[in-house]
Amino acid sequence: MEPETNQRGLFWDVLAGRVPPPPAASLLGWELVELDPERGTIEVAFQASARFANPVGVIQGGFLAAMLDDTMGPALVATLPEDQFAPTLDLHVQFLRPARPGRLVGRGRVVQRGRDVCFLASELLDPDGRPVATATATARIQTVRT
């Protein structure tokens, strides 16, 4: 997806290549697939490295939780003015089936946006389109102080 270069703020600056991506996003292999800020939805892809695997060869749950969080957060941040950010206050994850190393797709959305508090949801899909984990989160909109 081609970013809207007229947008400003950390999220848009990363997409436009004006600043490097956050280290966590790079580690997870974060890639934007589709974004609709008007609807508060996003689709991203991750490259789940074999280094993320537990002793039985499946992706450790903490990495899946990070991917879900890094799906929902950008769905909200893409809707905010450039001087605002929305850290996660609360994250609930449900692990549905084992995830193997490789490409995973995250779909996230803003469920409800208040003035300060927002509710988010996401799911992570394996290469066959089956959900491996879902999550809900609460985020708080804050002004970034420089």
Side-chain angles (χ1 to χ4, degrees), residues 1-49 51-54 58-99 101-127 129-146:
M1 176 187 172
E2 197 64 32
E4 294 183 36
T5 55
N6 62 334
Q7 295 281 345
R8 294 304 249 185
L10 183 57
F11 177 80
W12 297 103
D13 291 346
V14 168
L15 288 183
R18 293 186 287 264
V19 298
S26 295
L27 176 68
L28 296 173
W30 192 97
E31 171 196 339
L32 180 64
V33 175
E34 188 174 326
L35 174 66
D36 187 341
E38 298 290 320
R39 293 181 54 220
T41 61
I42 195 168
E43 184 172 311
V44 298
F46 298 95
Q47 189 57 44
S49 168
R51 296 180 302 154
F52 301 170
N54 65 20
V58 297
I59 303 303
Q60 195 269 341
F63 288 102
L64 298 176
M67 290 175 193
L68 289 160
D69 191 39
D70 215 3
T71 299
M72 291 180 283
L76 174 59
V77 172
T79 71
L80 300 177
E82 67 180 290
D83 68 337
Q84 292 186 330
F85 190 69
T88 302
L89 297 176
D90 180 86
L91 177 67
H92 295 269
V93 179
Q94 299 81 41
F95 301 105
L96 307 175
R97 66 174 34 91
R103 184 178 171 94
L104 298 173
V105 172
R107 294 185 182 146
R109 66 187 177 96
V110 177
V111 175
Q112 184 171 346
R113 181 175 166 184
R115 190 186 62 168
D116 296 322
V117 176
C118 301
F119 300 97
L120 312 169
S122 65
E123 65 179 346
L124 200 56
L125 308 172
D126 71 12
R130 297 177 305 175
V132 297
T134 62
T136 57
T138 306
R140 181 178 191 144
I141 297 173
Q142 298 179 341
T143 299
V144 176
R145 309 224 191 285
T146 57

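Residues: numbered from 1 along the sequence shown.
Annotation: side chain of Leu35 is in contact with side chain of Ile42 (closest heavy-atom distance under 4.5 Å). Proximity of Pro23 to Leu27: side-chain heavy atoms (C-beta onward) are nowhere separated by under 4.5 Å. Side-chain atoms of Phe46 and Met67, non-hydrogen and from C-beta on, do get closer than 4.5 Å to each other. For the pair Leu124/Pro131, no side-chain contact is recorded, criterion being any heavy-atom separation below 4.5 Å from C-beta on. Arg130 has its side chain out of reach of Leu125: every pair of non-hydrogen atoms, C-beta onward, lies at least 4.5 Å apart. Contact of the Thr136 side chain with the Leu120 side chain is not registered, since no non-hydrogen atoms from C-beta on lie closer than 4.5 Å. Put simply, the side chain of Thr138 does not reach to within 4.5 Å of the side chain of Cys118, judged on heavy atoms. Within the 4.5 Å cutoff, no side-chain heavy atoms of Val44 are placed close to those of Val105.
Note that the CE atom of Met72 and the CG atom of Asp70 stand 9.5 Å from one another [nearest 0.5 Å]. Taken to the nearest 0.5 Å, the CG atom of Asp36 stands 4.5 Å off from the OG1 atom of Thr41. Distance CG/Leu104 to CD/Gln47: 8.0 Å, rounded to 0.5 Å.
In this structure a side-chain-to-backbone donor-acceptor pair under 3.5 Å is missing from Arg109 to Ser122.
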Exercise. Apply side chain to side chain donor-acceptor pair (under 3.5 Å) to Glu123 and Thr134, showing your working.
Key: CA-CA 4 Å; Glu123 65 179 346; Thr134 62; over 6 Å; no
Quiz item: After noting the C-alpha distance and the side-chain angles of Arg103 and Glu31, does the key distance pass the salt bridge (charged side-chain N to carboxylate O under 4.0 Å, His left out) rule?
Solution: CA-CA 10 Å; Arg103 184 178 171 94; Glu31 171 196 339; 3.2 Å; yes
Quiz item: Passes side-chain contact (heavy atoms from CB on, under 4.5 Å), Arg97 versus Asp126? Steps please.
Solution: CA-CA 9 Å; Arg97 66 174 34 91; Asp126 71 12; 4.1 Å; yes
Practice problem: Begin with the C-alpha distance, continue with both residues' side-chain angles, and end with the deciding distance and a verdict on side-chain contact (heavy atoms from CB on, under 4.5 Å) for Phe63 and Leu28. | Solution: CA-CA 8 Å; Phe63 288 102; Leu28 296 173; 4.2 Å; yes
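Counting heavy-atom neighbours within 6.0 Å of Arg51 CZ, excluding the residue itself, gives a total of 12 or less.
Across Leu76 and Ala139, no two heavy atoms sit closer than the pair CD2-CB, 3.9 Å. Smallest separation of non-hydrogen atoms from Gly108 and Thr71: N-CG2, 3.3 Å. When every heavy atom of Leu91 is checked against every heavy atom of Ala65, the shortest pair comes out as CD2-O, 4.2 Å. Across every non-hydrogen atom of Val93 and Ala135, the tightest pair is CG2-CB, 4.1 Å. Counting all heavy atoms, side chain and backbone alike, Arg8 lies closest to Asp13 at NH1-OD1, 3.8 Å. Taking both residues in full, the closest heavy atoms of Val58 and Pro98 are given as CG1-CB, 3.6 Å, listed atom of the first, atom of the second, then distance.
For Phe85, there are no ring pair (Phe, Tyr, Trp, His ring centres under 6.0 Å) partners at least two apart in sequence or on another chain. With sequence neighbours excluded, no residue forms a ring pair (Phe, Tyr, Trp, His ring centres under 6.0 Å) with Phe119.
Using modelled atom types and a 3.5 Å distance limit, the side chains of Thr88 and Asp69 yield a donor-acceptor pair. Residues Thr79 and Arg113 have side chains that bring a donor and an acceptor to within less than 3.5 angstrom of each other.
Below 30°, between 30° and 60°, or above 60°: for Phe11 and Trp30 the angle between ring planes is above 60°, a perpendicular geometry.
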